[in-house]
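Presented below is the structure to which this report refers.
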There are 2 protein chains.
Amino acid sequence: MSKSYDQYCPMAHALDLVGERWTLLIVRELLHGPMRYTDLSDRLPGIGTNILAARLKDLEACGIVEKHRLPPPAASQVYELTPYGHELKSVLRALAVWGVRSLGPPEPERLATGWLESAVAMFFAPGAPVGRFVFRIDGEVASLTNGETLAGPLDDPDVTVETTATGLYYLFFERRYDGVEIDGDRELFERLLDTATAPVVSGAVAV
Amino acid sequence: MSKSYDQYCPMAHALDLVGERWTLLIVRELLHGPMRYTDLSDRLPGIGTNILAARLKDLEACGIVEKHRLPPPAASQVYELTPYGHELKSVLRALAVWGVRSLGPPEPERLATGWLESAVAMFFAPGAPVGRFVFRIDGEVASLTNGETLAGPLDDPDVTVETTATGLYYLFFERRYDGVEIDGDRELFERLLDTATAPVVSGAVAV
DNA sequence: CCGCATCCCCAAAGATACTG
DNA sequence: CAGTATCTTTGGGGATGCGG
């Protein structure tokens, strides 16, 4: 654990817990679900094995992650977010919404597997209208229904969107439908896009 | 600038920009308004002068902060957030809301001056009901109206809350009014408390 | 193989002194 | 006041080793 900022401040305290290098990216991965040590190592290119071990130990010590060993058939152990750890999703979402605006168009070769599920969860899920959505982007598939994000497809979708990562980028930022194929209820999808690109409202809604 | 995570991912990119030690705390301070180098240094106990200079240079380079020299009478220069930098408020708010739950009751001697304004902006301002609120906590004063936070008092308040930092803590987390003095429209204040302690809704509102 | 612990090296942080 | 220069200390990156 690195040195504390030693301030009585919720932000400084939060950064004491998750502000070190790699920590929030580990949490980002674990938002996909429980994962083994080696899976994490594979999905975080560049992280040293010692760093990963140290971060997991810290995260466990402060109640963000739990280590479980799976029952006998599979003798491996997995890391899993606690409920408190899972709530870091709001932090990661805020970071994603802020960061995406200076990120520029995608370079497909730098996209990690599973990126689409994150993208849907971060940008489309919050405030999504009721409906069943399937995204097929550059070989990845993810779905959204009831504000829940799933890796993989979904039965009886209301809308299916198929395009490339680049197509999705320009759709999102400029509403350009070049190279984007929408199957099903296009108007419903437009409403989804409206909520996704609306300015973020943090906090509760005014009464 | 430290090493990039080198992933095409909005979160990783955001952390490339503001993920280094001290960076988000500098932004937190600048949310109070433009500030001189020495002010920042004073308000961030423990930061080295070289680190502060380096961070400010990085933040300037990536369009989060701008350096201005004030017009002749005052020959000093100030650092100021750009609009893009100001939007990091949503990230800091998410961190604050997450972090406060594991922070514990306040230790008054570790509170930095200006903390109350941040606290009001982060916890009370989002979604606040219409009204004029004044907070007087442990010698600090801050106000809230139209969702705008101000350092200092306000004319014609609807409600004035006076207590200690500890009193505010237990009021917030346990609705305990011990040692809390409410002047004015108490019911309005209760509504403010309701919105402040409601679970955070990130993203736009469901249609 | 999986899950780390150890070691080495370098880059970044911390502390302090000093300067335009 | 607003930093730069310098030195020491700490932490990260990468390779390797090793028990289960």
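In what follows, every chain begins at residue 1, and chains take the letters A, B, ... in the order their sequences are listed. These numbers were taken from a predicted model, which means no experiment stands behind them.
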Completion exercise
Which of C:dG3, C:dG14, D:dG12 is nearest the side chain of A:Arg36? It is C:dG3
Exercise for the section: Please report, rounded to the nearest Å, how far the P atom of C:dG14 is from the OH atom of A:Tyr5. Expected result: 8 Å
Handout entry: Nearest listed nucleotide, side chain of B:Gln77, among C:dG14, D:dA2, D:dG13
Key = D:dA2
Practice task
Please work out whether the ring planes of A:Phe189 and A:Tyr177 are parallel, tilted or perpendicular, with thresholds of 30° and 60°.
Solution key: perpendicular
Completion exercise
Whole-Å distance, A:Arg55 CZ to D:dG12 P, equals 4 Å
Exercise for the section: Can you check whether any acceptor in the base of D:dG12 is under 3.5 Å from a donor in the side chain of A:Asn50, or vice versa? Expected result: no
Fill in the blank from the handout: From CG of B:Asp58 across to C1' of C:dA13 the rounded distance in Å is 13 Å
Exercise for the section: Flag this pair as yes if the NZ/CZ of A:Arg21 is under 6.0 angstrom from the six-membered ring centre of B:Tyr5 and inside a 45 degree cone about the axis; otherwise no. Expected result: yes
Exercise for the section: Give a yes/no on whether any side-chain N or O of A:Arg21 is located under 4.0 angstrom from OP1 or OP2 of D:dG13. Expected result: yes
Practice task
Return yes if the base of C:dA5 and the side-chain atoms of A:Thr49 contain a donor-acceptor N/O pair under 3.5 Å, otherwise no.
Solution key: yes
Practice task
Mind calculating the distance between CG (A:Leu52) and P (C:dA5) to the nearest angstrom?
Solution key: 11 Å
Exercise for the section: Taking only the side-chain heavy atoms of B:Ala53 (C-beta and beyond), determine which of D:dG13, D:dA2, D:dT4 contains the nearest atom. Expected result: D:dT4
Exercise for the section: Could you walk me through whether B:Arg36 and B:Asp42 pass the salt bridge (charged side-chain N to carboxylate O under 4.0 Å, His left out) test, one step at a time? Expected result: CA-CA 10 Å; B:Arg36 291 176 305 171; B:Asp42 291 345; over 6 Å; no
Exercise for the section: Report yes if a side-chain nitrogen or oxygen of A:Lys57 is closer than 4.0 Å to either non-bridging phosphate oxygen (OP1 or OP2) of C:dA5; otherwise report no. Expected result: yes
Fill in the blank from the handout: Separation of D:dA5 atom P from B:Ile51 atom CD1, nearest Å, is 15 Å
Handout entry: B:Ile47 CD1 to C:dA15 C1', straight-line distance once rounded to whole Å
Key = 13 Å
Problem - d(CG, A:Asp6; C1', C:dG14) in whole Å - result: 15 Å
Exercise for the section: Would you please confirm or rule out a distance under 4.0 Å between OP1 or OP2 of C:dC2 and any side-chain N or O of A:Lys67? Expected result: no
Completion exercise
To the nearest angstrom, the OH-P distance between B:Tyr79 and D:dC1 comes to 14 Å
Exercise for the section: Using modelled atom types only, decide if a donor and an acceptor are shared between the side chain of A:Thr82 and the backbone of A:Gly63 within a distance under 3.5 Å. Expected result: yes
Handout entry: Near-ring test A:Phe172/A:Phe123, centroid separation under 6.0 angstrom
Key = yes
